[in-house]
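Because only heavy atoms are used, hydrogens play no part in the values below, and waters and symmetry mates are left out as well, while side chains stay in.
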Amino acid sequence: MSDSKTAQINSIKEKISDFIQKATSPQASEEGNKFFDYALSTHIFLLEIQISKTRTPKVIIIIDGDDGVGIADCANVSRKVGAYFEEDDLFGKDEKGEDNPYNLEVTSPGVDYGLHTFRQYPQHVGRTLEFELKDGTKKVGKLQSIEQNEEGKPIFQITEEYEVAEGKKGKIKTKYKPATLNFEEVKVAHVQISFKKK
């Protein structure tokens with residue numbers, strides 16, 4: 001990809017990111033605000049913007065919410081983003097002076113996407129997570145609560161799962177212990193899906 005194309009894509013990402021940040025602010029819903037007609041729910045936040053390198057670029061906006069997001073949230077964001085940038089010529093014009101086409105998709109993060117930002121964690125209190133730490137190690141445990149340390153930085157109180165070999169045959173058993181993780185230690189976390197037999 002050429003430097004000019006990379007610069008163009010980065011500029012588009014910045015424009016969309018700036019719009020979502022301002023449209024989800026409490027001020028956006030105030031009469032007279034520039035974003036009044038495009039105001040979005042304040043519980044929505046942006047995770048990532050992906051733009052393909054294809055002839056007709058595909059813009060994928062990944063969002064989440066403080067209580068999760070549904071199809072209606074994604075549709076609303078897609079509609080508002082599309083409307084706001086309708087006259088912005090995001091990808092410029094062709095030789096005929098017409099807007100270059102692009103496809104827009106707004107989606108929620110899938111199960112495999114992981115938890116990358118602190119704002120994603122509160123909705124998962126009570127669930128079992130696999131924490132991938134920045135030092136390369138992993139921990140699995142139920143997220144019991146989110147607190148702050150003496151410096152005011154977020155910490156996770158978890159019930160950590162660990163395995164030990166017991167008995168003469170060394171049978172592996174899962175045990176549990178309380179543990180504390182600093183958010184700054186965590187690279188990414190994934191929700192563990194449990195399939196319990198009935």
- Heavy-atom nearest pair, Y121 first then V188, reads OH-C, 4.3 Å

- Message: Tell me every residue that passes side-chain hydrogen bond (donor to acceptor under 3.5 Å, both in side chains) with D67, counting only those two or more places apart in sequence or in another chain.
- Response: none

- Under 4.5 Å side-chain linkage, directly or through intermediates, the cluster mates of F45: L47, I60, I62, Y113

- Message: Are E166 and I172 packed together at the side-chain level, in the sense that at least one heavy-atom pair is separated by less than 4.5 angstrom?
- Response: no

- Message: Suppose we screen for side-chain contact (heavy atoms from CB on, under 4.5 Å). Which residues come up paired with K177, at least two apart in sequence or across chains?
- Response: E160, Y162

- salt bridge (Lys or Arg N to Asp or Glu O under 4.0 Å) pairs, two or more places apart, involving residues 71-85: none

- Note on the structure: side-chain contact (heavy atoms from CB on, under 4.5 Å) filter on E130, not counting sequence neighbours, yields K138, V140, Q192

- Message: Quick test of your reading of the model: are K153 and E147 salt-bridged, counting only N-O distances below 4.0 Å?
- Response: no

- Message: Evaluate K187 against L133 for side-chain contact (heavy atoms from CB on, under 4.5 Å), listing each step before the verdict.
- Response: CA-CA 5 Å; K187 180 180 178 181; L133 306 185; over 6 Å; no

- Message: Under the rule for side-chain contact (heavy atoms from CB on, under 4.5 Å), what residues qualify as partners of Y102, not counting sequence neighbours?
- Response: P57, V59, F85, L90, F91, L104

- Query: Which is it for V69 and H43 under the side-chain contact (heavy atoms from CB on, under 4.5 Å) test, yes or no, and what are the steps along the way?
  - Reply: CA-CA 9 Å; V69 290; H43 89 281; 4.3 Å; yes

- Message: Tell me every residue that passes side-chain hydrogen bond (donor to acceptor under 3.5 Å, both in side chains) with N10, counting only those two or more places apart in sequence or in another chain.
- Response: none

- Message: A quick test of your reading: do over 12 heavy atoms of other residues, nucleotides or ligands sit less than 6.0 Å from NZ of K22?
- Response: no

- Query: About how many Å separate CD1 of I12 and CD1 of I49, when rounded to the nearest 0.5 Å?
  - Reply: 10.0 Å

- Query: Going by atom types alone, do S145 and Q157 pair a side-chain donor with an acceptor below 3.5 Å?
  - Reply: no

- Message: Taking I193 as the starting point, is it possible to reach I158 by hopping between hydrophobic residues whose side chains are less than 4.5 Å apart?
- Response: yes

- Query: Is the shortest heavy-atom distance from the side chain of Q123 to the side chain of D64 under 4.5 Å?
  - Reply: yes

- Item | side-chain contact (heavy atoms from CB on, under 4.5 Å) partner of T24, chosen from I63, V77, L46, I44 | I44

- Would you call the rings of F35 and F19 parallel, tilted or perpendicular, where under 30° means parallel and over 60° means perpendicular? tilted

- Assess whether atom NZ of K134 is packed by more than 12 heavy atoms of other residues, nucleotides or ligands within 6.0 Å. yes

- Approximate separation, where rounding is to 0.5 Å, of H190 NE2 and L129 CG: 10.5 Å

- Query: Closest heavy-atom contact between T117 and F183?
  - Reply: C-CZ, 4.3 Å

- Message: Can you list everything that forms a side-chain hydrogen bond (donor to acceptor under 3.5 Å, both in side chains) with E105? Sequence neighbours excluded, please.
- Response: K58

- Message: Measuring from atom OG1 of T42 to atom CG of D66, what distance do you get when rounded to the nearest 0.5 angstrom?
- Response: 7.5 Å

- Task: Can you run down the side-chain hydrogen bond (donor to acceptor under 3.5 Å, both in side chains) pairs that involve residues 30-39, sequence neighbours left out, and say none if there aren't any?
- Result: none

- Query: Are side-chain heavy atoms of F156 and T180 found at a separation under 4.5 Å?
  - Reply: no

- Item | Closest non-hydrogen atom pair, F131 against G141 | CE1-O, 4.1 Å

- Query: Do the side chains of T107 and I61 get nearer than 4.5 Å, heavy atoms only?
  - Reply: no

- Message: I want to check something: taking the side chain as every heavy atom from C-beta on, are S11 and K15 in contact at a cut-off of under 4.5 Å?
- Response: yes

- Query: Taking atom types as modelled and ignoring hydrogens, do the side chains of T54 and T56 form a donor-acceptor contact shorter than 3.5 angstrom?
  - Reply: no

- Message: According to side-chain contact (heavy atoms from CB on, under 4.5 Å), who are the partners of S29, at least two apart in sequence or on a separate chain?
- Response: A39

- Task: Mark yes when over 12 heavy atoms from residues, nucleotides or ligands other than K142 sit less than 6.0 Å from its NZ; otherwise mark no.
- Result: no

- Message: Let me check something: do I20 and F36 share a hydrophobic cluster, defined by ILVMFWY side-chain heavy atoms less than 4.5 Å apart, either directly or through other members?
- Response: no

- Pairing residues for E95 by the salt bridge (Lys or Arg N to Asp or Glu O under 4.0 Å) criterion, not counting sequence neighbours: none

- N182 side-chain N/O to E185 backbone N/O, donor-acceptor pair under 3.5 Å: no

- Task: State the CD1-CD distance between I155 and E150, to the nearest 0.5 angstrom.
- Result: 9.5 Å

- Message: Looking at K173 and E163, is any side-chain nitrogen of the basic one under 4.0 Å from a carboxylate oxygen of the acidic one?
- Response: no

- For D18, look at atom CG and say whether over 12 heavy atoms of other residues, nucleotides or ligands are found less than 6.0 Å away. yes

- side-chain hydrogen bond (donor to acceptor under 3.5 Å, both in side chains) involving H124 - partner list, sequence neighbours excluded: R127

- V186 and E132, any side-chain heavy atoms less than 4.5 Å apart: no

- Going through the checks in order, is the side-chain contact (heavy atoms from CB on, under 4.5 Å) test met by T128 and T159? CA-CA 9 Å; T128 299; T159 300; over 6 Å; no

